[in-house]
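Being a predicted model, the structure only gives us computed values, none of them experimental. For reference, positions follow the sequence shown, starting with 1.
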Amino acid sequence: MNAIVKSVGVVIGVLGLIGGTVIATTAGRAPAQGVGVIEVPDRLVHPMRVERIENLGKEYQLLGKTGKPFGEMSSIVAGISSKRYKGENMLAVVLEVDGRPIDELIEMPISDLWPELELVESKETGRIRGEYRDSFFEGETYRFTGYETGGFHGRPEAAECEPRRVVAEAAMFRFRCEYKVCRSELINYQSDPGARVGRNAFIEGRAENRGERAVIVGEGWSLALTNTPAWKDWELKKRVNAVGVVQRGGKDGEYALEPTRFGLSRLEDMVGKRVKVYGMAYSMNVEQRSLQYRDRRVDVVISDHSKAEGWPFDEAVWVECTVSEKPTSNGDRSFVLNVEKWGKSSALLPQEHTSEPPR
């Protein structure tokens, strides 16, 4: 049985349906348009493989984003992120699959196979109605047992027939993966350097200095940062992180890493300080810019308009800034990044898309 997979072992992600034929493509590639005619887009590196849907399970096996066959039970560790659009499921940022750490971004909708029924009283009518709710919450990390499934969503542009109507998902006809949860367990996830030796990884722990060397400490392990200054006094004992290739140290439980980026993990620990922060840049208009730091959207202020030009949308960036806090009416803490410099960054790792660690 042939498996259609990416070179890293994670699968294809998109199927296009043309004239009753399934076209398997790699994730991010666009299906050809038209009926009965296959046109290979210019940006395809490899030609698409053409298979009839009846051959699924006979001549080829389809894998999901986690690298597991659709419908096969698996165990994943994932952080829960907010839904992007109204009516959509919450999103899972996958950190482990069957105990194997994941250092590439795998993000997909997630929901309970057996959601809980909750009786809710309507404020308008006073009537009682039943609502189904998932048993997990945004900002938390869980160990899930379940399986990956999927289906076609959206409509092709050619389906926009008379009378003319606005098609919200025109040109977005695609195959979308989803994880269905059978069991969930709330956990306090901690990155383990020992499981990531030789890999570019995100490691998070507590800041300590040993002599002049900055060290990140976790439960039963320590990670020395090379070619970096010692932690400042105000950074010590706080939650910090570093990204780089993990190397073994001289003793069991000791590791070393030369970071490509490092710093504090919580925005609340950065208030009033000049820091370097990494996240995803967003802009609603030329005056409204923001940075998605972990799973928190933070306002960005760039007083020098010449430096504000070109602020991207949905791209990884670094910013040198001073962090300030602004009052809110709901009691939640809200922060502002007063940016002095910024630039585009390499892709963020999975844990840089999850929530800030608890205090």
Side-chain angles (χ1 to χ4, degrees), residues 77 79 93 95 101 103 139-141 186-197 200-279 291-296 298 318-326 328 331-338 340 345 348-359:
V77 171
V93 179
L95 304 174
D103 293 317
E140 303 289 357
T141 303
L186 180 65
I187 63 172
N188 182 17
Y189 183 78
Q190 179 178 256
S191 48
D192 179 9
R196 292 175 162 85
V197 172
N200 189 56
F202 176 100
I203 305 296
E204 192 166 50
R206 186 179 70 255
E208 287 188 7
N209 285 332
R210 295 181 180 175
E212 296 298 317
R213 173 163 287 187
V215 177
I216 298 177
V217 178
E219 294 183 12
W221 58 264
S222 64
L223 180 82
L225 304 186
T226 61
N227 295 325
T228 60
W231 296 111
K232 299 179 179 66
D233 289 344
W234 56 271
E235 295 173 318
L236 292 173
K237 298 184 180 181
K238 293 185 171 66
R239 294 286 292 187
V240 293
N241 63 76
V243 172
V245 178
V246 180
Q247 306 292 339
R248 293 195 183 277
K251 299 179 182 178
D252 289 344
E254 292 184 353
Y255 305 91
L257 177 152
E258 183 172 351
T260 55
R261 52 182 179 263
F262 65 98
L264 291 163
S265 291
R266 299 189 187 98
L267 285 173
E268 61 188 74
D269 292 332
M270 306 179 201
V271 173
K273 307 296 183 180
R274 189 175 185 275
V275 293
K276 193 171 186 177
V277 177
Y278 292 80
L291 185 86
Q292 186 85 13
Y293 177 73
R294 308 291 282 261
D295 69 341
R296 184 200 295 259
V298 187
W318 57 264
V319 296
E320 290 185 8
C321 63
T322 301
V323 181
S324 59
E325 189 169 1
K326 65 178 182 180
T328 62
D332 293 337
R333 302 191 73 170
S334 182
F335 303 92
V336 177
L337 306 184
N338 301 285
E340 300 170 21
S345 173
L348 304 182
L349 295 177
Q351 282 177 265
E352 295 177 282
H353 292 266
T354 60
S355 64
E356 297 173 49
R359 182 164 283 285

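Nearest heavy-atom pair across R266 and Y293 is N-OH, 4.3 Å. A214 and T228 make their closest contact through CB-OG1, 4.3 Å (heavy atoms, listed as atom of the first residue, atom of the second, distance). Between P229 and F262, the closest heavy-atom pair is CD-CZ, 4.5 Å. Counting all heavy atoms, side chain and backbone alike, S355 lies closest to G139 at OG-O, 2.8 Å. Residues V277 and C321 come closest through the heavy atom pair CG2-SG, 4.2 Å. Residue W231 comes nearest to I216 through the heavy atom pair CZ2-CG1, 4.1 Å, listed as atom of the first residue, atom of the second, then distance.
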Original post:
Are R261 and E352 close enough, and set up right, to give a salt bridge (Lys or Arg N to Asp or Glu O under 4.0 Å), and what steps lead you there?
Top reply: CA-CA 12 Å; R261 52 182 179 263; E352 295 177 282; 2.7 Å; yes

**OP:** With side-chain contact (heavy atoms from CB on, under 4.5 Å) as the test, would you mind laying out the steps for V323 and V336 before giving the verdict?
**Re:** CA-CA 6 Å; V323 181; V336 177; over 6 Å; no

Original post:
After noting the C-alpha distance and the side-chain angles of T141 and T354, does the key distance pass the side-chain contact (heavy atoms from CB on, under 4.5 Å) rule?
Top reply: CA-CA 8 Å; T141 303; T354 60; 5.5 Å; no

Original post:
Given E340 and R274, is the salt bridge (Lys or Arg N to Asp or Glu O under 4.0 Å) satisfied, shown in steps?
Top reply: CA-CA 10 Å; E340 300 170 21; R274 189 175 185 275; 2.9 Å; yes

Original post:
Under the side-chain contact (heavy atoms from CB on, under 4.5 Å) criterion, do R210 and S222 qualify, and how do the steps go?
Top reply: CA-CA 11 Å; R210 295 181 180 175; S222 64; 3.4 Å; yes

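Under the 3.5 Å distance criterion, the side-chain polar atoms of E140 are left unmatched by any main-chain donor or acceptor of L186.
The residues R294 and E204 are annotated as salt-bridged, a charged nitrogen and a carboxylate oxygen being separated by less than 4.0 angstrom.
Under the side-chain hydrogen bond (donor to acceptor under 3.5 Å, both in side chains) criterion, S324 pairs with N338, sequence neighbours left out.
Listed by first then second residue, pairs satisfying salt bridge (Lys or Arg N to Asp or Glu O under 4.0 Å) with a partner in residues 187-196 read D103-R196, not counting sequence neighbours.
Using a 4.5 Å heavy-atom cutoff, the side chains of R213 and T226 are in contact. Considering only heavy atoms from C-beta on, R296 comes within 4.5 Å of F335 through its side chain.
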In residues 236-253, what donor-acceptor pairs under 3.5 Å come from side-chain atoms, sequence neighbours left out?
from, atom 1, to, atom 2, distance (Å)
K238, NZ, W234, O, 2.6
N241, ND2, S265, OG, 2.9

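Rounding to the nearest 0.5 angstrom, the gap separating the CG atom in L225 from the CD atom in E258 is 10.0 Å. Interatomic distance, OG1 of T260 versus CH2 of W318, reported as 14.0 Å (0.5 Å rounding).
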